[in-house]
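Just so you know, ligand 1 is whichever comes first in the structure, and atom 1 is the first atom listed for that ligand.
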Amino acid sequence: MTKERLTYLLTGGTGYIGSHTAVEMINNGYEVVIVDNLYNSSDVVVDRIEKITGIRPKFYPYDVRDKDTLRRVFEENSIEGVIHFAGLKSVGESVDRPLDYYRNNLDSTLSLLEIMKEFNVNNFVFSSSATVYGEGNPSPYTEDMPKGNCSNPYGWTKSMIEQILTDAAVANPELSVVLLRYFNPIGAHESGLIGEDPQGIPNNLMPYVSQVAIGRREKLTIFGNDYDTPDGTGERDFIHVVDLAEGHVKAIDYAKSHKGIEVFNLGTGNPYSVLDIVNTFMEVTGAEVKYEFGPRRAGDLAAVWADPSKSEKVLGWKATRDLRKMCEDTWNWQKNNPNGYKK
Ligand code: NAD
Ligand code: UDP
């Protein structure tokens, strides 16, 4: 008799982190159903996941806010639990379009929770962010620190959704919620078939670096070299996206056997500076990355990194891929897909 494969719904599953998690889930014996409205991704990702794993996830091009179509997904599939990646994620854009961010990120979560309740589905893993620690806490961040003031509407959507999920877990003792606070995911699957594919000018450091290296952008501007850090540039906890994806598989295992709400940092615990990233990228790839120093970016903190010890102790998860591997895999993805998923 073959073992039954549990089915998980991945909202936003064709996005950067969702696609890598889909691969790890399938490789760990799960059946994956993806709902993504393709606002910030491509359906080519579904082909790529199939190419990597040999299994094609079921894909619905729906908006998670739309309860009628979402209900259909739950009717057609026996969903065990949900990983909720879907959301708008650009910090700068959220300052210009706050209502779109609140509407999309909050509504999608509420619709999902309501439909899960209808179908008595009680396992929920949420993509939160280190940004909820705010400006007042010193690094390394631990999960028991009080949340802080976010410097932008995107961050507030994450903080508010954490609160919504906390209240939902109090009201429904059957609910199991895992909040995963991501630090700075970079890198790509080592096949080079899936990776980060930002639309327009990248906001984040690593895609900008790799687009300069491939010749799509002229030079990187490093935002500030007068921070109180060893080389004056900002420090972050960069984590390989496949390590992050593996953290979700562990989070699902945890959610299956626990009730209530629990928070985990997904980071390495090792901060690297912007200059470390640029220099390691050039060293590993042999490609040139031109850069100049510019003013600080509004809202940026000097140094942000995780204390990941709770994740190691409770989830049995630890990031294993180093910065060289992160750079190598980013470059492999960028070289094989100079224009991302566009044909
Ligand atoms: P992404 O934009 O690549 O993926 C998000 C996906 O959600 C996209 O494919 C988009 O089309 C989809 N989506 C958005 N709104 C939707 C809706 N209403 N209905 C259906 N699909 C919708 O982003 P990512 O980097 O993979 O991030 C995934 C999650 O992790 C997001 O919630 C993001 O806020 C969070 N997060 C990301 C980072 C990071 O640095 N990438 C850091 C912390 C947290
Ligand atoms: N950064 C930079 N130039 C860029 C993009 C980012 O110098 O074009 C810096 C940014 O100031 C921060 C670090 O790189 O110190 C990481 O920024 P990113 O936007 O990738 O992630 P964040 O930590 O802001 O979520």
Side-chain angles (χ1 to χ4, degrees), residues 10-22 34-43 45 60-66 69-70 83-92 94 100-101 103-109 111-112 126-132 151-152 154-155 157-158 161 180-186 194-199 201-209 211-212 217 219-225 227 229 233-239 241 244-245 248 266-267 271-278 291-305 341:
L10 272 53
T11 72
T14 48
Y16 173 47
I17 301 169
S19 56
H20 289 81
T21 304
I34 292 174
V35 174
D36 196 305
N37 64 1
L38 302 178
Y39 176 82
N40 195 37
S41 55
S42 159
D43 57 3
V45 171
Y60 295 89
Y62 298 160
D63 193 307
V64 182
R65 288 172 292 178
D66 181 347
T69 50
L70 205 51
I83 311 183
H84 183 35
F85 298 100
L88 303 180
K89 65 156 184 176
S90 163
V91 169
S94 78
D100 289 343
Y101 271 67
R103 173 67 78 193
N104 189 73
N105 293 1
L106 299 187
D107 265 8
S108 60
T109 308
S111 293
L112 198 51
F126 176 62
S127 299
S128 191
S129 164
T131 191
V132 302
S151 56
N152 57 77
Y154 163 75
T157 69
K158 294 295 175 193
I161 293 168
L180 296 178
R181 293 181 181 158
Y182 307 158
F183 282 70
N184 288 62
I186 58 173
I194 53 174
E196 189 169 11
D197 180 21
Q199 310 300 304
I201 301 170
N203 297 301
N204 296 111
L205 178 63
M206 192 51 131
Y208 209 109
V209 166
Q211 289 195 9
V212 171
R217 318 255 157 225
K219 58 175 178 268
L220 171 77
T221 301
I222 295 182
F223 300 140
N225 61 344
Y227 283 108
T229 57
T233 65
E235 289 184 324
R236 293 292 182 273
D237 187 335
F238 296 95
I239 174 170
V241 67
L244 193 79
H248 291 72
L266 293 184
Y272 285 104
S273 73
V274 176
L275 274 176
D276 288 334
I277 295 286
V278 174
Y291 64 85
E292 63 181 4
F293 293 113
R296 292 182 180 190
R297 183 171 66 179
D300 272 356
L301 299 178
V304 169
W305 73 96
Y341 290 110

Which residues share a ring-ring contact (aromatic ring centres under 6.0 Å, His included) with Tyr227, sequence neighbours left out
none
Identify, with sequence neighbours excluded, every residue that meets ring-ring contact (aromatic ring centres under 6.0 Å, His included) alongside Tyr272.
none
Quick check on contacts: which atoms of ligand 1 are under 4.0 angstrom from a heavy atom of [X]?
| X | result |
| --- | --- |
| Asn104 | 15 (N), 17 (C), 18 (N) |
| Tyr62 | 19 (N), 20 (C) |
| Leu38 | 11 (O) |

Nearest protein heavy atom with distance in Å, relative to [atom]:
| atom | value |
| --- | --- |
| atom 2 (O) of ligand 1 | Asn40 ND2, 2.7 Å |
| atom 33 (C) of ligand 1 | Tyr154 OH, 3.6 Å |
| atom 25 (O) of ligand 1 | Lys89 NZ, 2.8 Å |
| atom 10 (C) of ligand 1 | Asp36 OD1, 3.4 Å |
| atom 17 (C) of ligand 1 | Asn37 ND2, 3.4 Å |
| atom 3 (O) of ligand 1 | Tyr16 N, 2.9 Å |
| atom 19 (N) of ligand 1 | Val64 N, 2.9 Å |

Students should find this: residues with any non-hydrogen atom under 4.0 Å from ligand 2. What is the answer?
Asn184, Asn203, Asn204, Leu205, Leu220, Thr221, Ile222, Phe223, Gly234, Arg236, Val274, Arg297, Asp300
Does ligand 1 have an atom that lies less than 4.0 angstrom from a heavy atom of [X]?
| X | answer |
| --- | --- |
| Asn184 | no |
| Thr11 | no |
| Lys158 | yes |
| Ser128 | yes |

If you measure every N/O of [X] against every N/O of ligand 1, is any gap under 3.5 Å?
| X | answer |
| --- | --- |
| Ile17 | yes |
| Ala86 | no |
| Ser41 | yes |

On the 0 to 90° scale, with breaks at 30° and 60°, tag the Tyr62-Tyr60 ring pair as parallel, tilted or perpendicular.
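Tilted: the ring planes of Tyr62 and Tyr60 meet at 30° to 60°.
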Can you list the residues that meet the salt bridge (Lys or Arg N to Asp or Glu O under 4.0 Å) rule with Lys89, with sequence neighbours excluded?
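Checked Lys89 against salt bridge (Lys or Arg N to Asp or Glu O under 4.0 Å); matches are Glu196.
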Regarding Ser127 and Tyr182, do their side chains bring together a donor and an acceptor under 3.5 Å, going by distance alone?
yes
Heavy-atom neighbours of Arg296 CZ exceed 12 at 6.0 Å
yes
